[in-house]
Amino acid sequence: MQLIVNIFRVVFSNLITLISNVVLGIILPMILSVQDYGEYRLFIFYISFIGLLHFGFIDAIYIKYGGFGEKDISKQLFKKEHHVFFVYQILISLIILGCSLLINNLIFILLAISIIPVNLGAFHKLFYQATGQFKKYSYANILYTILNLCLICFLITMDIKKSIYYIIFTLISYFILLIIMEVDFKKYTKGTVPKGTVKILDYNKVGIFILLGNLCILMINSIGRWIVQFFFDIQSFAYYSFAVSMMNMILLIINAIGLTFYNYIAKREDRSNLILIKKILLIIGVLAGSTYFILDKIVNTLLPDYVLSLNIIAISFVTFPYIMVINVIIINLYKARKREREFFKVVFSIFLLAIVINVLAFLLIKSMNMLALATLITFILWYVYSTNKEFKYLKGNKKEVIFLICHALIFFLCLNYLGWLAGFVIYLFFTSIISLFIYKHEFELLYGKFKKGN
């Protein structure tokens with residue numbers, strides 16, 4: 001039952017983040033101009049790539065300590081790893097800051113400054129994840145969310161409408177959170193002398209394939225935005241980013257489940273349980289599509305300027321079942337088995353495939369909707385490959401195919417022929433009925449496991 005407790009902890013923290021993102025996702029486009037909102041989203045987009053600058057070091061930490069308990073760790077070595085990484089990131093930050101000052105680019109200067117809080121913060125949070133300290137991980141998420149929300153709400157109450165101030169206050173939130181996690185680290189390693197051999201290149205060699213694989217995943221999700229950034233105007237980028245941010249709100253919950261499963265799978269890969277979990281994830285992913293209809297109402301009522309984003313959002317939401325299985329099970333299986341090179345090879349191949357599909361979609365019809373459709377096709381193909389070739393025991397059957405096809409048909413029928421409320425009710429009703437009918441045995445099995453306390 002500890003796994004369930006951990007999932008609820010992380011889901012709760014991500015729900016707080018979700019509420020914050022909903023508030024900011026709705027209020028900021030109302031306060032800022034489309035151009036300023038686009039600039040703010042662009043900075044958030046760029047900062048997601050800051051993690052590349054640890055060159056796999058913290059990914060090696062994540063793999064190294066996966067499945068360990070907090071008490072199983074050598075505090076002396078871990079403290080040495082922390083200190084070495086801290087100095088490592090300071091040097092990288094100074095180099096990039098110097099280059100940014102030379103070209104006199106404020107956004108790049110802020111990005112250089114963000115390296116320390118973002119990457120050192122990630123070091124602590126990945127350690128919490130790997131060792132199953134989800135209580136601390138959840139608190140860190142909640143704290144950052146509340147800090148960021150309060151600071152941005154302060155700017156809103158002051159009627160400040162320049163994107164640069166929102167960027168700076170987001171950066172301040174990262175620094176405050178880092179200070180708090182550093183204090184926790186000092187308590188954990190109190191009285192311990194850093195000792196051991198920590199060669200940066202050795203850690204990079206282990207973690208670089210995970211890092212590059214994660215980069216490919218990030219790029220798969222970002223190809224559409226890159227194309228929109230280069231070939232469309234800033235307003236179009238704002239529309240597309242708004243759609244992606246709406247999707248990411250729901251993915252927060254999906255990622256919460258995925259984070260808790262790495263420690264679980266690293267300890268024991270129970271195939272029968274994973275097959276059951278896969279089916280439950282598909283059901284949750286399908287039911288999550290109902291949130292689109294609520295967003296439809298919110299956008300039409302409060303954000304009419306972003307109505308153009310709704311079609312992109314709709315197409316993106318169909319990917320939920322596939323993304324859930326990929327994020328929660330497939331990716332964690334590679335990491336838990338310590339198959340870093342295979343993980344990178346597969347994800348890099350999917351990335352190349354995504355480029356081809358997105359470019360063809362763009363050349364065929366220069367439409368943001370087509371780019372969203374290209375991303376959907378990419379995830380479907382990735383899901384099919386992984387469950388049929390890499391992890392064959394997760395292969396689906398005819399019932400699964402029927403279930404996923406019915407999901408897509410019901411979704412688009414409700415989307416095109418019903419209003420938001422009727423669409424929400426009808427979609428949720430029929431997908432629930434189909435889920436219960438097709439996966440009746442799985443629901444009975446899951447109920448039995450809960451009853452026994454497994």
- Item | Closest approach of C414 to F293 (non-hydrogen atoms, all atoms of both residues) | CB-CZ, 3.7 Å
- Could you tell me how the ring of Y334 sits relative to the ring of F343: parallel (under 30°), tilted (30 to 60°) or perpendicular (over 60°)? tilted
- Task: Give the C-alpha distance, both sets of side-chain angles, the deciding distance and a yes or no for side-chain contact (heavy atoms from CB on, under 4.5 Å) between L376 and L373.
- Result: CA-CA 5 Å; L376 168 60; L373 181 61; 4.0 Å; yes
- Query: Does the side chain of Y385 come under 3.5 Å of the side chain of E390 through a donor N or O and an acceptor N or O?
  - Reply: yes
- Could you tell me whether the side chain of Y137 reaches within less than 4.5 Å of the side chain of N141, counting heavy atoms only? yes
- Item | Distance-minimising heavy-atom pair for I438 and K399 | O-NZ, 3.3 Å
- State the CD1-CD1 distance between I113 and I96, to the nearest 0.5 angstrom. 12.0 Å
- Task: Can you measure from CZ (F55) to CG (N119) and round to the nearest 0.5 angstrom?
- Result: 9.5 Å
- Message: side-chain contact (heavy atoms from CB on, under 4.5 Å), that's the test. Do Y439 and E400 meet it? Break it down for me.
- Response: CA-CA 9 Å; Y439 292 112; E400 180 180 299; 3.7 Å; yes
- L287 versus S290, closest heavy-atom pair with distance: O-OG, 2.7 Å
- Would you say K278's side chain and L394's backbone share a donor-acceptor pair under 3.5 angstrom? yes
- When you measure from the side chain of D296 to the backbone N and O of Y292, does any donor-acceptor pair fall under 3.5 Å? no
- If you look at every heavy atom in L178 and P117, which pair is closest and at what distance? CD2-CA, 3.6 Å
- Message: For the CG atom of L102 and the CD1 atom of I109, what is their distance to the nearest 0.5 Å?
- Response: 10.0 Å
- dist S138:OG -> Y128:OH (nearest 0.5 Å) comes out at 11.5 Å
- G121 backbone acceptor or donor facing H124 side chain under 3.5 Å: no
- Item | Any side-chain heavy-atom pair of V84 and I200 under 4.5 Å | yes
- More than 12 heavy atoms of other residues, nucleotides or ligands under 6.0 Å from NZ of K345: is that the case? no
- Yes or no on ring pair (Phe, Tyr, Trp, His ring centres under 6.0 Å) for F123 and F78, after CA distance, side-chain angles and deciding distance? CA-CA 11 Å; F123 175 92; F78 181 58; 5.6 Å; yes
- Could you tell me the separation between the CD1 atom of I380 and the CG atom of L404, rounded to the nearest 0.5 Å? 8.5 Å
- Message: How close do L211 and L52 get, counting heavy atoms only, and between which atoms?
- Response: CD2-O, 3.7 Å
- Task: Kindly assign one of parallel, tilted or perpendicular to the pair F86 and H82, based on the angle between their ring planes and the thresholds 30° and 60°.
- Result: parallel
- Note on the structure: Heavy-atom nearest pair, L171 first then S114, reads CD1-CB, 3.3 Å
- Option among F391, F320, Y322 that satisfies the ring-ring contact (aromatic ring centres under 6.0 Å, His included) test with Y383: Y322
- Would you say I44 and Y166 make side-chain contact, with heavy atoms under 4.5 Å? no
- Measure from the side-chain N and O atoms of N388 to the backbone N and O of V384, and report whether any donor-acceptor pair falls under 3.5 Å. yes
- Parallel, tilted or perpendicular: which describes the rings of Y88 and F85, with under 30° parallel and over 60° perpendicular? perpendicular
- Task: Check step by step if side-chain contact (heavy atoms from CB on, under 4.5 Å) holds for L120 and Q89.
- Result: CA-CA 8 Å; L120 196 57; Q89 292 301 286; 6.0 Å; no
- Task: Test side-chain contact (heavy atoms from CB on, under 4.5 Å) on H407 and Y427 and set out the steps.
- Result: CA-CA 9 Å; H407 150 241; Y427 174 82; 3.1 Å; yes
- Is F412 close to V318 at the side-chain level, that is, under 4.5 Å between some pair of heavy atoms? yes
- Item | F175 atom CZ, over 12 foreign heavy atoms within 6.0 Å | yes
- Could you tell me whether the side chain of N214 reaches within less than 4.5 Å of the side chain of I217, counting heavy atoms only? yes
- Query: Should I164 and L110 count as side-chain neighbours, where that means a heavy-atom distance under 4.5 Å?
  - Reply: yes
- Got I103 and F108 here, is their nearest side-chain heavy-atom distance under 4.5 Å? yes
- Got a donor-acceptor contact below 3.5 angstrom from the S93 side chain to the I90 backbone? no
- Note on the structure: Taken to the nearest 0.5 Å, the spacing of I220 CD1 from L353 CG works out to 8.5 Å
- Backbone of L371 reached by a side-chain donor or acceptor of T375 within 3.5 Å: yes
- Message: Taking the side chain as everything from C-beta on, heavy atoms only, tell me whether L126 gets closer than 4.5 Å to Q129.
- Response: yes
